[in-house]
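When a residue number appears, it is its place in the shown sequence, counting from 1.
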Amino acid sequence: MSLAACGGGDSDPVDPDNPNPTPPQNQNPADTIAFTDATPQVIGLQGSGQTTNSNLIFTVTDSNGDAVRDGITVNFVINTLNGNEYIGPDDATPTQASAQTSGGDGEVAIGLTSGTVAGVIIVNATVNATSINAESSKISIGGGVADTAHLSLSRDQINLPGMVLDNVTTDITVLLGDRFGNYNVLQGTPVSFKAESGTIDTSNFTDDIGETTVIFRTQNPRPVLANNEITAAEIAEIDRINTTYGLNIATDGSVNQRRGWVTVTAAVAGQETFTDNNANGYFDAGDGFSGTDDIGEPYIDSNFNGARDPGEDYTDTDQSSTYDGPNGVWDGPNCPDTASGCQSAMTIWDSTQLMFTGHGAY
């Protein structure tokens, strides 16, 4: 009696040399390629300190919509911005590269690396030796660091009864942009805050539109008028008000319009603004840099004279134990003249004022 026939006679025989054969793969030719994803979709320039690589994925399918087998070659081409950006594993042939599908899902991945010019790149993918092609979404290349010309600091409420009440709050908001006017590339940038009086959050991170908001609240210490004498211009303004409205406000300094003003500063890693005259994407000889754009370390201008005076609080960003004012050269990532003292790790900043007042009066 034969046992070979037990269980039915239509079973496939087992190949002793290949007991676990791979199921047959789809052998239909490629019919369609589609863009699937870019991670991330916004990258920074080289030297910006931001992510400079994006991973692009395309998917190749047959006429039935099924993934093609492994090993399909796809050719990629980018519309270069001429800033040394490239696609693929190296920059030998920066505007074009090839890769093969793998993993059995029809996906093919290619890397895009930014250069030194900001703008938008679209990658075209073509299945080898066919006219089957697709375009990626737009990949944005931005400056990647905050720029002084695009740093904005604001407050929701100016007057707070901080002379008589604690825990009255207002929002302090910072908006960042790079020198190209982009804000989305600055997501996750930390911004630091300092208040002359009252208290404020130490820092916060920008969101996907380059914005961050912190809370300021009233409490000790209250603002004082130390080293903040009344000026001739203020005396003239008080005289004008007295004459116009029939008042008798003192001009001996006992009444000062700046009493109660509180300065708040916001600081962030970035660069001083400049004019890129040769459009190569970075600061070099011949580019425009104005003395009005040259800034020093953040400080609290307690006497409102527009300069940092001895005794006024400041942030020692370079830990030199001395206040460093404007240095006369452009400061920012990859600054070209370190011999002249330019700072590649630059802190840019801005300030705004709040008013601590008493109770309302009629």
Side-chain angles (χ1 to χ4, degrees), residues 40 42-45 48-51 118 140 142-160 162 167-219 223 261-274 292-302 304 306 308 312-318 324 326 330-333 343-356:
V42 180
I43 56 178
L45 295 177
S48 68
Q50 302 290 323
T51 298
S140 296
V145 296
D147 174 74
T148 52
H150 295 87
L151 169 60
S152 292
L153 175 61
S154 60
R155 65 280 200 234
D156 277 0
Q157 184 176 343
I158 299 175
N159 289 349
L160 304 172
N167 206 29
V168 179
T169 64
T170 188
D171 286 346
I172 305 294
T173 298
V174 169
L175 300 175
L176 300 182
D178 66 18
R179 71 179 193 84
F180 302 99
N182 302 318
Y183 54 69
N184 48 354
V185 76
L186 295 170
Q187 181 175 3
T189 301
V191 182
S192 299
F193 297 86
K194 179 180 284 190
E196 180 181 16
S197 299
T199 56
I200 195 170
D201 287 344
T202 303
S203 63
N204 205 359
F205 296 93
T206 54
D207 59 16
D208 57 353
I209 61 170
E211 176 181 345
T212 187
T213 298
V214 297
I215 295 175
F216 173 92
R217 74 184 184 198
T218 61
Q219 67 179 75
W261 281 112
V262 176
T263 298
V264 173
T265 63
V268 59
Q271 65 179 26
E272 295 172 328
T273 193
F274 69 95
T292 59
D293 298 320
D294 193 13
I295 62 175
E297 292 178 316
Y299 68 93
I300 300 291
D301 188 11
S302 297
F304 296 89
R308 194 266 165 179
E312 289 183 327
D313 190 26
Y314 73 96
T315 302
D316 190 14
T317 57
D318 64 354
D324 298 308
W330 181 81
D331 298 305
Q343 301 179 60
S344 59
M346 178 62 183
T347 297
I348 64 174
W349 63 283
D350 197 4
S351 64
T352 190
Q353 279 75 41
L354 302 169
M355 169 61 81
F356 273 27

Provide the closest heavy-atom pair for [X] versus [Y] in the form atom of the first, atom of the second, distance.
X	Y	answer
Gly270	Pro333	O-CD, 3.9 Å
Glu196	Ser302	OE2-OG, 3.3 Å
Gly142	Ala118	CA-CB, 4.3 Å
Ser351	Thr265	CB-CG2, 3.9 Å
Phe205	Thr212	O-OG1, 3.3 Å
Pro223	Val262	CG-CG2, 3.8 Å

Using the side chain to side chain contact (heavy atoms under 4.5 Å, CB included) definition, which of the options [options] pairs with [X]?
X	options	value
Thr189	Thr206, Asp207, Val145, Val174	Thr206
Val191	Asn204, Leu176, Leu153, Ile172	Leu176
Thr347	Asp318, Thr317, Thr315, Asp331	Thr317

Could you tell me whether a side-chain N or O of [X] sits under 3.5 Å from a main-chain N or O of [Y], the two making a donor and an acceptor?
X	Y	value
Asp301	Gly306	yes
Thr169	Ile215	no
Trp349	Gly296	yes
Glu297	Asp324	yes
Thr273	Asp147	no

Exercise for the section: Establish, from distance only, whether the side-chain atoms of Thr199 and Arg217 form a donor-acceptor pair under 3.5 Å. Expected result: yes
Practice task
Please determine, by modelled atom types, if Thr213 and Thr173 share a side-chain donor-acceptor pair under 3.5 angstrom.
Solution key: yes
Report the distance from atom [atom1] of [X] to atom [atom2] of [Y], rounding to the nearest 0.5 Å.
X	Y	atom1	atom2	result
Gln50	Ile43	CD	CD1	11.0 Å
Asp293	Phe274	CG	CZ	11.0 Å
Leu175	Ser154	CG	OG	6.0 Å
Leu354	Ile158	CG	CD1	8.0 Å
Gln271	Thr148	CD	OG1	8.0 Å

Practice task
Report the residues that fulfil side chain to side chain donor-acceptor pair (under 3.5 Å) with Gln353, sequence neighbours left out, ordered by chain and then residue number.
Solution key: Thr263
Handout entry: Sub-4.5 Å side-chain heavy-atom contact between Arg155 and Phe216
Key = no
Exercise for the section: List for me each residue that meets salt bridge (charged side-chain N to carboxylate O under 4.0 Å, His left out) alongside Asp313, sequence neighbours excluded, and say none if there are none. Expected result: Lys194
Review item, side-chain donor-acceptor pairs of residues 179-188, under 3.5 Å, at least two apart:
residue, atom, partner, partner atom, Å
Arg179, NH2, Asp276, OD2, 3.1
Asn182, ND2, Asp178, OD2, 3.4

